[in-house]
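Count residues from 1 along the sequence. Scope of the values below: all heavy atoms of this structure, side chains included, with no hydrogens, waters or symmetry mates.
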Amino acid sequence: MSLNILVVGNGAREQAIKNACEKSPLCKSVKLISENTCQDILTSCPKPDLVIFGSEQPICDGFVDQFEHAGIKCIGVNKNFSRLESSKLFAKKFIVNNGIKCAKLLPIESNDFPQVLKFDGLCKGKGVKVLYNNDEKNAFARKFTGMRYFIEEYLDGEEISVMSYMYNGRLINFRPARDFKRLSAAKDAPNTGGMGAYSPVELTQEQQKKLDIYLKLLEKALLNAGADFNGFIYSGLIWTRNDWYVLEYNVRLGDPECQAILTNLKNDFLDILLNGTAPEYRDGVGGCLTIASEGYPDEPVKGDEITLPDEPDIDVYFAGIRVNDGKLYSNGGRVLSICTNAENPFPALKNYAEKIQMQHKYYRKDIDI
Ligand code: AMP
Ligand code: GLY
């Protein structure tokens with residue numbers, strides 16, 4: 001088998017997926033395509049042998065179903081199950097109906113603070129907020145006018161991201177990752193798309209045992225509901241009251257968790273996707289640090305020229321980058337993902353980050369394992 005592959009999306013996560021495919025003997029060629037060219041692929045000739053979906057929007061728009069209908073093999077969740085990400089109310093029902101633990105719903109007018117408001121649609125990671133008083137609540141509730149929302153109890157604890165791959169009716173689980181979602185270490189710092197990640201996360205025996213129970217329950221729930229896709233399910237979990245509670249589902253690999261996991265992976269990623277092989281890992285920890293631009297997430301500065309140091313042990317994936325005349329310029333909030341595998345990857349990553357030349361560079365210096 002030697003496949004011509006397309007990866008949908010053009011962020012750092014998709015670059016990392018492309019890089020993993022390129023290392024595989026199963027791959028003949030691999031190209032990234034932007035989300036809004038999916039329609040063109042349906043009518044293109046020749047058709048790709050395989051499409052791997054990175055970002056959520058085309059999955060939730062039903063392109064996996066449309067491609068498969070056109071005879072193109074896909075790695076991605078179908079439209080029906082994409083509601084686990086695109087509708088938090090659908091996800092809540094799925095969780096509760098299958099005996100999976102999650103935060104309790106509160107009445108909309110509840111005055112029990114802190115509490116969490118969640119909009120019921122795709123909001124690019126900006127549709128959830130922990131609220132501490134009614135002023136914050138009223139202001140945030142107006143953010144996505146016309147979109148339904150609900151309120152749930154606030155859970156306090158340690159968070160992990162667990163990515164699973166549904167392959168021919170069984171779940172293949174990757175080791176847990178930790179994602180640093182906030183812009184800085186401050187408790188009230190804004191949520192971002194992710195400022196860094198590492199994998200694996202060390203768990204206690206009790207946590208591992210409960211995680212295994214949860215993942216079996218998830219597999220059973222997906223199969224009972226008729227899941228018949230080969231695609232990724234991401235569980236955002238929090239350890240509280242002596243168990244794992246689900247905070248969210250996504251129907252894709254996490255960004256930047258994907259970069260951390262692929263950096264740590266030893267065997268062939270495509271072989272896992274196509275043949276259901278179990279993941280194997282390198283010694284040490286896969287780490288990823290996001291290089292963002294000042295002003296992110298609200299109004300990132302764009303247009304800085306960037307010079308990257310040359311260090312073979314660091315993988316650099318482009319996110320918000322524009323290339324002009326062979327030079328790199330910042331062109332978004334999250335600009336680069338830098339990744340490496342080591343006993344502790346963060347000293348080397350921060351050292352590399354320090355040496356990157358970019359006028360409005362911003363990254364979290366506190367991230368560590
Ligand atoms: P979500 O998109 O639902 O994962 O929410 C984004 C982030 O908000 C999570 O990673 C948590 O840090 C926080 N969060 C969401 N739901 C809750 C909750 N019920 N209690 C505490 N924090 C939450
Ligand atoms: N890093 C969190 C996400 O990809 O949703």
Mutual orientation of the aromatic rings belonging to F119 and F144 [parallel < 30°, tilted 30-60°, perpendicular > 60°]: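 The arrangement is perpendicular - the two ring planes meet at more than 60°.
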
F232 and F174 aromatic ring geometry - parallel, tilted or perpendicular at 30°/60° bounds: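 Tilted: the ring planes of F174 and F232 meet at 30° to 60°.
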
For [X], is the [atom1] atom crowded, meaning more than 12 foreign heavy atoms sit under 6.0 Å from it?
X: D310; atom1: CG; result: no
X: K181; atom1: NZ; result: yes
X: D40; atom1: CG; result: yes
X: R148; atom1: CZ; result: no

Could you give the distance from [atom1] ([X]) to [atom2] ([Y]), rounded to the nearest 0.5 Å?
X: D315; Y: T340; atom1: CG; atom2: OG1; value: 7.0 Å
X: M195; Y: D179; atom1: CE; atom2: CG; value: 10.5 Å
X: C123; Y: Y149; atom1: SG; atom2: OH; value: 13.5 Å
X: K210; Y: L237; atom1: NZ; atom2: CG; value: 13.5 Å
X: S55; Y: N250; atom1: OG; atom2: CG; value: 12.0 Å
X: D212; Y: K209; atom1: CG; atom2: NZ; value: 10.0 Å

Do [X] and [Y] have side chains that approach each other closer than 4.5 Å (heavy atoms only, starting at C-beta)?
X: L183; Y: P297; result: yes
X: Y165; Y: N230; result: yes
X: V130; Y: V116; result: yes
X: E85; Y: L122; result: yes
X: K126; Y: N191; result: no
X: V335; Y: I321; result: yes
X: C38; Y: F67; result: yes
X: D65; Y: F229; result: no

Flag for [Y]-[X]: side-chain donor and acceptor within less than 3.5 Å:
X: D268; Y: S24; result: yes
X: Q15; Y: N19; result: no
X: S235; Y: Y214; result: yes
X: D271; Y: T277; result: yes

Under-4.0 Å salt bridge between [X] and [Y]:
X: E22; Y: K18; value: yes
X: D255; Y: R334; value: yes
X: K350; Y: E354; value: no
X: R252; Y: E35; value: no
X: K118; Y: E248; value: no
X: R364; Y: D366; value: yes
X: D243; Y: K101; value: yes

Verify same cluster id: L273, L32 (apolar side-chain graph, 4.5 Å):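 Both belong to a single hydrophobic cluster.
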
Hphob cluster co-occupancy, F346 + Y362, side-chain heavy atoms under 4.5 angstrom: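 F346 clusters together with Y362.
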
Distance-only, no hydrogens or angles: does the [X] side chain make a donor-acceptor pair with backbone N or O of [Y] under 3.5 Å?
X: R282; Y: T263; value: yes
X: N133; Y: E136; value: yes
X: S199; Y: A260; value: no
X: Q115; Y: S110; value: yes
X: S337; Y: Y317; value: no
X: Y352; Y: V316; value: no

Sole candidate of I100, V162, L203 that passes side chain to side chain contact (heavy atoms under 4.5 Å, CB included) when paired with W244: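 Checked I100, V162, L203 against W244; only one passes side chain to side chain contact (heavy atoms under 4.5 Å, CB included): L203.
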
Distance under 6.0 Å and angle within 45° of ring axis: K92 vs F90: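 No, K92 does not sit over the ring of F90.
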
Minimum-distance pair of heavy atoms, taken over all atoms of N173 and S164: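 Residues N173 and S164, closest heavy atoms: OD1-OG, 2.7 Å.
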
Side chain to side chain contact (heavy atoms under 4.5 Å, CB included) between L211 and Q208, worked out: CA-CA 5 Å; L211 180 60; Q208 186 61 56; 4.1 Å; yes

Evaluation steps, side chain to side chain contact (heavy atoms under 4.5 Å, CB included), between N78 and D228: CA-CA 8 Å; N78 62 21; D228 58 354; 3.3 Å; yes

Criterion side chain to side chain contact (heavy atoms under 4.5 Å, CB included) on N344 and Y198, from CA distance to verdict: CA-CA 9 Å; N344 178 351; Y198 68 85; over 6 Å; no

CA sep, side-chain torsions, deciding dist, call: S34, N36, side-chain hydrogen bond (donor to acceptor under 3.5 Å, both in side chains): CA-CA 6 Å; S34 74; N36 50 21; 2.7 Å; yes

S330/V301 under side chain to side chain contact (heavy atoms under 4.5 Å, CB included): CA gap, chis, key distance, verdict: CA-CA 8 Å; S330 61; V301 179; 5.9 Å; no

